[in-house]
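Lettering of chains follows the sequences in order, A, B, ..., and the numbering in each one begins at 1.
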Amino acid sequence: MLKEKLLELRAQALENIGSAEGLKALQDAHIRFLGKKGPITEVLKGMGKLSSEERPVVGQLANEVRKLIAARIEEKRAELEAKLIEKKLESEKIDVTLPGRKIATGSSHLLGSIIREVEDLFIGLGFSIEEGPEVEQDYYNFEALNLPKDHPARDMQDSFYITDELLMRTHTSPVQAHTLEKHKGVGPVKVICPGKVYRRDNDDATHSHQFMQIEGLYVDHNVRLSDLKGVLTVFAKHMFGADREIRLRPSFFPFTEPSVEMDISCFRCGGHGCNVCKGTGWIEILGAGMVHPNVLRMSGFDPNEYTGFAFGMGPERIAMLKYGIEDIRHFYTDDIRFLKQFNRA
Amino acid sequence: MLVSYKWLQEYVDLSGVTPEKLADKITNAGIEVEHIDYPGAGLKGIVVGEVESCEQHPEAEKLHLCQVNLGTESVQIVCGAPNVAAGQKVPVATVGARIADNVKIKRAKLRGEISNGMICSLDELGFDHNYVPKEYADGIYVFDNDVPVGADALPYLNLDDAILDLDILVSSAHCMNMIGVAYEVAAILDQKVQLKKPVVDETDQIASDKISISVEATDKVPYYGARMLTGIKVAPSPRWMQLRLIAAGVRPISNVVDISNYVMLEYGQPLHTFDYDQFGSDHVLVRHAGENEEVTTLDGQLRKLTSEDLLITNGKKGVAVAGVMGGENTEVSSTTENVLLEAAVFDPISIRKTAARLQLRSDASSRYEKGLDRNRVGLAADRAAELLTQFAHATVLKGIVEAGERTVPEHKITMPWQKINQVLGSELTREQIVGTLRRLNFTVEVADELMHVSVPARRFDVTIPEDLVEEVGRIYGYNHIPATLPEGSSTHAGLTPYQKIRRKVERLMESTGLSQVYTYSLTSKESASSYVIHDQEIEPTQVVWPMSEEHAALRQSIVPQLVNVVNYHSNRQMPDVKFYEIGKVFLPVKGEPRPAEEEHLAGIITGKRTERNWEGESAGVDFFSIKGIVETLFDSLAVADQIEYRPSKRDGLHPGQTADILRDGKVIGYLGALHPKVQNDNGLNATFVFEVAVESLLRHGKTAIDYHFLPRFPSTTRDIALVVKRTVSASDLDRVIRENGTSLLKSVRLFDVYEGSHVAEDEKSMAFSLVYFDPERTLTDDEVNAVHEKIVHACAEQLGAELRG
Ligand SMILES: [Zn+2]
């Protein structure tokens, strides 16, 4: 009798569990079938009436039924819980294509980026970075650079003078003179001097009364023009692409002798001729030369012992060439739509 | 300098060298050829015709019917030029020809008469009217009579020429004349220059009987020479000379004037011709002008001179401003018969100053300014005399009357020939070096290691060994020099600590959302005096001669320029922008003309905190947005604990939303809201700015990092809410808390501010979170309580604070 009851209980429980739709129903089933006052406990209580042969058989069966029900309840619970989680996850679904909450960062100015790039390149070549005053003495801006007061290349009208002896520097070259003086006649001197310079020009698409310059100077024993050529080649390839070639053309600057202009093979057309290079295949990038002995002498270096090279370039020009920027005033108008374009530069 | 390819051929063999090739070679040797002009480009079908007959057009008073022989045929052409006449040889555009501006010539009927082509004026052949000689200005051009009929007309007009435009710099002044260019081109092409020495046919009459010369200003006039020419007939100069002058950009006037211009173009030596009969004496005195001395120049202008100017006088009054322009009183006219020809050397600087002050830059003055071949002055006078004899009927009196040295010795440079290789990094042989210098017509002698180089006076720019290095380098070609990397000793490279940290500040500003700008240092005087961190009593530094009022003074603050940048964006419907700039400001120093320069960092923000998005509108930026940026800066520089904010009032800023930034008690900057009036004036929304004297901050900041072990013992956090009068500031409480916190108090953070119904109307509550910590042990409650009570007590005592219940 008990045995049949147990089997019936088992069948009932399994069906009950199987049809449970929620954790609550499952919990009810648990209490109903396995609770302290539940039918299996009742069966076990009634075992005292059984014979000693029947007792272990029914006991074992009761235990098996209890275990089975418990196991099924756990299975079912896991199944229902998984369903619940799934349902919850389903309800938490979002449109992952909506935009995120960005942290809006500002952008670097293109001129700053170019100057940094040049600085870093030359730091790698053993140069350090020197800066100097923007209000400069006439002596450092001109005389110490072999531009005496009456030199024809010197025009008062081109400069913003503050007094007869003070002006807004017209180039970063005076930093050369300062740096050489600081070294008191002992090389090597290896510096890059970036900074703002000023000229009495009317602002238009190609002129700005304020602009940037980067000057380089290397003075040591036995510095040669071929070294200048080598260093400038490295520079050109770094800034304008590995397949650039350079050429040096004779030129004139009062503070260098010989003086050269450096052209690079056109990065747009590769040298075949286009509107960027005005059909020549070459683009003028910077001026350079061997430091004039007068400049060395005036700054305390013996030109018989030391030679050096110097070069100067305009970051605006480099930027305009590199990106096809059509108006130099963009750099100083600071239109955010302009600035943002060069955030990666 | 405009260089005629055809003319140049007279001195140098250019066979096989096209104008383009020549231009390339000249450019690569150091003088930039800016462009090449082909004056005959586009012309077609222009032939030499002979006017066989010329009659009045029956229907039109101003037209002529011409029968013109074109060599192969004779055609009727209707011509309107007043100067057309039978027997002339003229340029004819035949039917089908192309003349200037690509105009095509067709057979036409003019007032009933057939015209088979057109007899051309120079204008119609593309000549610039400004350079057309007077005699052809209103009519057709007429050839010399020996021109063959039927021939292509272009060569006889030099319209088959190419004109190279050379950009002459100070260093290439030796190429401001045809002979100089010839020497340069000959060196480049490794050719010889063919020059003819002028031949002067002098009479026995002695020039010095007619004229004497004395020079007072000998330091500025190393040489003054003159020739006397008589019996001159002023007329147009020969056509070949006219065409060469036109090609060089000089308008032909008359034989006398044209010859002096021609010789200047050829030799580079400016000449001047005086009408001897108007000279007013037989004595030339060259002296400094008197202060305010007046002379009327050729252009009819009365010139007031200074004692710096050189004046040519007849002993009494001025007859020419030396080297710049002649005087009206002695000008050569159509009736001039006797000419005093001046060939002189003047000091370049003196001429430059005078020409600049009088604003009278002429072909002559620019040559004097840049320097000329000191040894050509006599030759030029001879050349002019030769040409005046040939083309102006002149008789040349014997001798050059002169003062000073007509020639100077060649300049000598001695140097080790190997220095050329040492400086260039090249491996040229001695023969290559000497050969290159000889190509330039320099005289070279080599003795062992040394070479002695004699430099002709025409190369006055070559004075030191380095100049010879350049000459060899540029003629040999820099493209033949290898590229090497420096072999010298290694150096310490890298950024200075300041440069490093400045870069960090830039990146930090960008990560807080500010974009970097560069603005002008020169600004208006008013703007240069606004938003200055330490307002100065002194005026801002100003430039003597500004381009405009807008760029007249040196900025003392970056903020005004940032306001302009924001204004620019606001005018273009970009109301949400944030910018920063690091740059120099220029602070005037009392009693010194030179301002102190220091780098400042300034920022500006306006509009929304973040972009509007699908979650809704973001709040606008406010004072605490900009303060957060400033605080982030100080945190990252590890100076936050030295910084204090103090309410302040500054011009242009909101009086209730402005704070000075202090470090160790000294004001190093400020932050605040723009004054509503400034915002209105600029059409801005709420805008917030800061400026910090960042250079001194960074240079004097702590650079070393003090490392602390990670804590081994727990810290204790206590919150404290204090009710105070509204006048008590957060920083007041913060200070008192810190002052009384002993060494155990590690941090203080304000986390709540409350004003409202739960406190009295003139009060507010501020809640702080305090962290206590001892690195050596765990603190007991009693220890913490003792300090905490001390703090509460001090706040009550000093600021009337009560614990909020
Ligand atoms: Zn190209």
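Within the 4.5 angstrom heavy-atom criterion, no atom of B:I31 approaches chain A. For a residue to count as touching a neighbouring chain, one of its non-hydrogen atoms must lie under 4.5 Å from one of that chain's; by this rule B:E466 touches chain A with backbone and side chain alike. Heavy atoms of B:Q422 lying under 4.5 Å from chain A belong exclusively to its backbone. For chain A, the nearby parts of B:L424 are the backbone and the side chain; heavy atoms of each come within less than 4.5 Å. Neither the backbone nor the side chain of B:K370 comes within less than 4.5 Å of any heavy atom in chain A. For A:V234, the part lying near chain B is the side chain, with the backbone staying farther off; criterion is any non-hydrogen pair under 4.5 Å. Contact annotation for B:E581: only side-chain heavy atoms (C-beta onward) come within less than 4.5 Å of a heavy atom of chain A. Proximity to chain A (any heavy atom under 4.5 Å) is restricted, for B:V565, to the side chain, taken from C-beta onward. No part of B:S172 comes within reach of chain A, as not one of its non-hydrogen atoms sits under 4.5 angstrom from that chain. With a threshold of 4.5 angstrom between heavy atoms, A:Y332 approaches chain B through its backbone and through its side chain. Neither the backbone nor the side chain of A:T280 comes within contact range of chain B; no heavy atoms are under 4.5 Å apart. If you measure heavy-atom distances from B:T519 to chain A, the contacts under 4.5 Å come from both the backbone and the side chain. When heavy atoms are compared at a cutoff of 4.5 Å, B:L514 approaches chain A solely by way of its backbone atoms N, CA, C and O.
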Exercise for the section: For A:D335 and B:M574, run side chain to side chain contact (heavy atoms under 4.5 Å, CB included): C-alpha distance rounded to whole Å, both residues' side-chain angles, the deciding distance at 0.1 Å, then the answer. Expected result: CA-CA 10 Å; A:D335 190 311; B:M574 293 179 274; 4.0 Å; yes
Handout entry: Verdict with reasoning, B:R507 to A:S108, per side chain to side chain donor-acceptor pair (under 3.5 Å)
Key = CA-CA 8 Å; B:R507 297 301 80 75; A:S108 266; 3.0 Å; yes
Exercise for the section: Could you walk me through whether A:E131 and B:Q499 pass the side chain to side chain donor-acceptor pair (under 3.5 Å) test, one step at a time? Expected result: CA-CA 10 Å; A:E131 294 166 72; B:Q499 289 162 348; 2.9 Å; yes
Problem - Residues B:S515, A:S107; criterion side chain to side chain donor-acceptor pair (under 3.5 Å); working and verdict - result: CA-CA 5 Å; B:S515 286; A:S107 49; 3.2 Å; yes
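One side chain, B:S521 or A:Y198, offers a donor N or O that lies under 3.5 Å from an acceptor on the other. Looking at B:Y518 and A:D334, their side chains never bring a donor and an acceptor atom within 3.5 Å of each other.
A salt bridge is absent between B:E611 and A:R101: the closest approach of a Lys/Arg side-chain nitrogen to an acidic carboxylate oxygen does not fall below 4.0 angstrom. Between A:R224 and B:E487, at least one side-chain nitrogen of the basic residue sits less than 4.0 Å from a carboxylate oxygen of the acidic one, meeting the salt-bridge criterion.
Contact record, A:S226 with B:G425: OG-CA, 3.4 Å, taken as the closest heavy-atom pair. Of all the heavy atoms in A:I123 and B:A493, the pair that sits closest is O-CB, 3.4 Å. Contact between B:V577 and A:I336 at its shortest, heavy atoms only, is CG1-CG2, 4.5 Å.
Taking the side chain as every heavy atom from C-beta outward, A:R200 and B:M547 approach each other to under 4.5 Å.
No side-chain donor-acceptor contact under 3.5 Å links B:W545 to the backbone of A:Y161. Listed for the A:E134 side chain is no donor-acceptor partner under 3.5 Å among the backbone atoms of B:K584.
Between A:R116 atom CZ and B:L495 atom CG the span is 10.5 Å, to the nearest 0.5 Å.
Taking B:E369, B:R502, B:E471 one by one and counting their heavy-atom pairs under 4.5 Å with chain A, the maximum is reached by B:R502.
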